Amino acid sequence: MNDMRFTERAVVEDKKIAAKGVQVYYGSNHAIKDVNVDILDKTVTAFIGPSGCGKSTFLRCINRMNDTIDIARVEGDILLDGEDIYDAKVDPVQLRAKVGMVFQKPNPFPKSIYDNVAYGPRIHGLARTKADLDEIVEKSLRRAALWDEAKDRLEQPGTGLSGGQQQRLCIARAVATSPEVLLMDEPCSALDPIATAQVEELIDELRERFSVVIVTHSMQQAARVSQRTAFFHLGELVEYGETGQIFTNPEDPRTESYITGRIG
Amino acid sequence: MTDASIAGAAPEPKKSSLLVQDARTRKRNAAEARFRMYGLGAVCTGILALVLLLASILSNGLSSFQQTYITLEVALPADKLDKNGNRDRAEMAKVSTFGYQPLIAAAMEQKMTARGISVEGLSAKDAAGLVSKEAPAQLRNFVLANPDVLDTTRTFEFLASGRVDGYYKGRVSMETAQLDKNISPEQLQLADILLEEGTLETRFNWRFFTAPDASGQRPEAAGLGVAILGSFYMMLVVLCLALPIGVATSIYLEEFAPKNRITDLIEVNISNLAAVPSIVFGILGLAIFINFAGLPQSAPIVGGLVLTLMTLPTIIISTRASLKSVPPSIRDAALGVGASKMQSVFHHVLPLAAPGILTGTIIGLAQALGETAPLLLIGMVAFVREYPAAPPEGFFDPASALPVQIYNWTQRSDPAFVERASGAIIVLLAFLLVMNAIAILLRRKFERRW
Ligand SMILES: Nc1ncnc2c1ncn2[C@@H]1O[C@H](COP(=O)(O)OP(=O)(O)OP(=O)(O)O)[C@@H](O)[C@H]1O
Ligand SMILES: [Mg+2]
């Protein structure tokens with residue numbers, strides 16, 4: 001069943017993001033070493049790899065969140081729909097509206113649940129009327145599997161939710177701006193199996209329209225939701241290919257040891 | 001490194017009862033108890049010092065909120081006060097306060113004969129000495145303001161002289177009066193009689209808050225009106241300048257400025273400015289605002305500008321601290337949904353930092369309110385009896401300030417001014433208390449939101 005989907009996808013292989021020779025330095029720490037990767041449209045791509053290998057760092061390059069870290073320096077090209085996002089003419093704000101992000105640690109605004117979700121649509125002018133906005137908020141919360149828990153407490157602070165609920169709120173917030181690419185940094189690390197399943201369902205649904213990149217430490221999750229998998233190790237992209245192939249028949253011995261649990 | 005060597009390094013677990021404290025635990029608990037005692041001792045010392053301070057100020061100063069008044073019916077003869085009889089104010093103004101003095105003496109004499117009061121060895125002139133030297137001026141101002149009252153008899157409440165007032169506050173006694181050329185025991189006897197039959201009474205002293213300063217001979221008339229107004233104007237100037245400039249500077253430095261040599265230099269200098277003695281700011285104000293820019297001396301605008309310079313570092317430092325304490329993940333979250341840097345600051349960071357900014361600002365203002373030294377240098381010590389006009393012109397009129405008024409009064413020889421100065425300190429402390437209370441309230445209000 002899964003394999004069939006891979007072949008289906010392989011036909012419409014249009015590149016959404018193309019990274020060429022990306023290097024990232026934190027001061028003198030070389031965190032990403034010459035990474036080349038093509039991320040496909042309408043595909044879920046999973047980044048796996050041991051802790052500290054640079055998955056988050058590379059993810060943050062894609063929406064230029066590394067700009068906010070003074071010591072971070074990014075070299076190489078990352079093209080979004082053929083346009084260099086590190087071009088001097090690109091406004092990172094505009095880019096981030098297209099490339100949404102869910103962070104590793106849940107970080108809701110200290111505002112109401114409603115305002116958390118409505119913030120993005122508001123600043124981007126996505127809703128004309130209050131009814132439009134209400135609809136976006138409801139739809140986003142439903143997609144993030146939070147609606148049932150949150151619908152009666154929309155005016156209560158988002159920071160008052162449990163950790164897992166906060167993470168889903170952050171997902172709803174990212175989805176609400178309808179990005180073209182959604183970057184998710186371990187979105188399920190604080191979730192229980194039921195919420196995880198719901199988020200995975202959401203990811204699968206998002207794939208119809210967006211390109212999703214997900215960092216995960218769970219091999220099973222990567223296998224379940226992604227069509228393509230990239231394995232990072234010590235800042236290098238060791239192997240990148242179709243998920244089925246990476247998990248069943250890895251080319252690099254390091255990939256194999258990681259998947260079978262020997263590096264980690 | 002084998003497993004065996006690691007296991008060997010760990011001590012054998014000792015068997016001991018939890019019901020018996022071992023020596024180590026006892027020692028640790030004793031150290032903790034000792035530390036608590038030190039802390040408690042420090043707190044008690046602090047509270048004791050505060051209580052002593054407050055007790056001394058309150059015992060000296062509370063009496064300044066009471067004042068002794070004498071009620072007299074004064075006849076206002078037109079032939080003395082308006083010789084030409086055409087009620088022309090310019091002409092009437094030619095009669096100086098010396099022209100009004102006899103009217104008060106006459107009123108006093110009349111009162112005494114009417115009530116059959118007499119004190120041995122007390123002349124009519126001495127009897128009038130019970131009334132403040134401020135009284136003729138009060139009378140004259142009233143007549144000039146209402147010329148129609150001429151040729152009528154009106155009831156006036158005059159201040160009693162500072163010594164009579166002091167007699168009822170325990171500052172003056174029959175013994176001290178014997179040695180005092182400003183008051184005699186006979187006068188005090190008369191005062192006692194007048195008190196008994198209700199002409200003289202002691203009650204709450206609103207004038208202390210509204211009246212302008214008075215000369216050294218008339219402590220009873222001295223009030224804080226001009227000083228409070230002057231301080232208020234200066235605080236307005238400080239608030240309107242220091243808050244926006246300080247907050248804008250902090251936001252720029254904290255959120256937007258690149259971290260490089262120049263911003264480091266600015267940062268160091270701001271911290272240095274906070275440590276500069278305030279009198280230096282006074283010299284700066286004198287040189288720049290008065291000598292160079294030509295602003296008037298003793299004016300609240302100059303005082304406000306000097307205090308603004310002094311308050312800015314405090315506000316900047318506290319604002320930056322509260323901006324820093326906003327977790328970076330909030331900024332990331334805002335940027336992550338496509339907010340601009342400015343939107344992330346104004347929509348998310350600033351509201352979270354607001355309580356800290358407000359507290360810092362109010363503490364800065366409170367500091368500025370109590371500041372004396374720089375104001376001395378820009379001429380705020382001047383003896384000012386005219387109220388400054390309403391803003392904005394009032395910012396350029398001469399005025400005094402609360403702490404300077406206190407300093408001024410402590411310089412005067414009459415002991416009645418000790419009471420006044422302590423009273424003014426109480427007023428100043430009350431203002432500071434109110435400001436701090438506002439700071440706490442605002443903090444609560446903003447923090448309670450989440
Ligand atoms: N803000 C930063 N400043 C300096 N060094 C950083 C910063 N963020 C990450 N690094 C370094 O970059 C390297 C990669 O970190 P990164 O956060 O990308 O790892 P990761 O693969 O996401 O790990 P994890 O799975 O634990 O989240 C690490 O060596 C880390 O120490
Ligand atoms: Mg990470």
Side-chain angles (χ1 to χ4, degrees), chain A residues 56 59-60 62-71 91-113 115-126 140 156-160 166 169-179 182-185, chain B residues 247 250-268 319-359 442-450:
Chain A
S56 299
L59 203 65
R60 290 166 63 92
I62 301 175
N63 68 346
R64 290 187 61 173
M65 282 303 288
N66 280 335
D67 290 14
T68 61
I69 301 173
D70 283 325
I71 55 167
D91 184 349
V93 170
Q94 226 172 329
L95 169 72
R96 289 183 200 129
K98 283 188 175 189
V99 184
M101 182 153 195
V102 176
F103 293 84
Q104 191 163 353
K105 276 179 257 158
N107 54 356
F109 299 128
K111 296 181 188 297
S112 71
I113 293 174
D115 287 338
N116 259 285
V117 182
Y119 182 69
R122 269 194 192 126
I123 58 172
H124 297 303
L126 298 184
S140 309
Q156 283 171 34
T159 40
Q166 288 188 11
L169 179 61
C170 293
I171 295 173
R173 183 176 65 190
V175 174
T177 51
S178 310
L182 188 61
L183 310 174
M184 301 173 117
D185 198 343
Chain B
V247 172
S250 321
I251 291 178
Y252 177 75
L253 284 177
E254 199 55 46
E255 305 284 337
F256 292 96
K259 300 272 172 289
N260 58 23
R261 283 263 176 82
I262 300 176
T263 43
D264 280 353
L265 198 72
I266 292 176
E267 230 184 293
V268 169
T319 304
R320 291 190 67 180
S322 47
L323 287 175
K324 260 198 197 105
S325 69
V326 176
S329 65
I330 297 293
R331 298 179 177 88
D332 279 354
L335 296 178
V337 292
S340 67
K341 186 92 200 174
M342 183 144 150
Q343 285 172 327
S344 93
V345 170
F346 281 89
H347 295 168
H348 301 289
V349 179
L350 214 50
L352 288 178
I357 296 175
L358 283 174
T359 314
L442 285 175
R443 220 191 160 98
R444 284 264 175 80
K445 184 170 178 296
F446 278 90
E447 270 177 354
R448 202 181 290 154
R449 278 168 59 191
W450 309 120

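As the structure is a prediction and not an experimental result, all values here were calculated from the model.
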Residues of residues 252-262 of chain B with a heavy atom under 4.5 Å from any heavy atom of chain A, in residue-number order, are K259(B)
Partner set under salt bridge (Lys or Arg N to Asp or Glu O under 4.0 Å) for D115(A), not counting sequence neighbours: R122(A)
Is there a side-chain contact between R96(A) and D67(A), using heavy atoms and a 4.5 Å cut-off? yes
With sequence neighbours excluded, tell me which residues meet side-chain contact (heavy atoms from CB on, under 4.5 Å) with I69(A). Y26(A), R60(A), N66(A), I71(A), A72(A)
For A353(B), the side-chain contact (heavy atoms from CB on, under 4.5 Å) test, sequence neighbours excluded, returns S322(B), L323(B), V326(B), I357(B)
Can the ring centres of H348(B) and Y119(A) be said to be less than 6.0 Å apart? yes
Side chain, backbone, both or neither: which part of P106(A) has an atom under 4.5 Å from a heavy atom of chain B? neither
Answer yes or no: are there more than 12 heavy-atom neighbours, outside K98(A) itself, under 6.0 Å from its atom NZ? no
Polar side chain donor-acceptor pair, S56(A) to Q104(A), under 3.5 angstrom: yes
Counting heavy-atom pairs under 4.5 angstrom with chain A, the leader among S329(B), A339(B), A333(B) is A333(B)
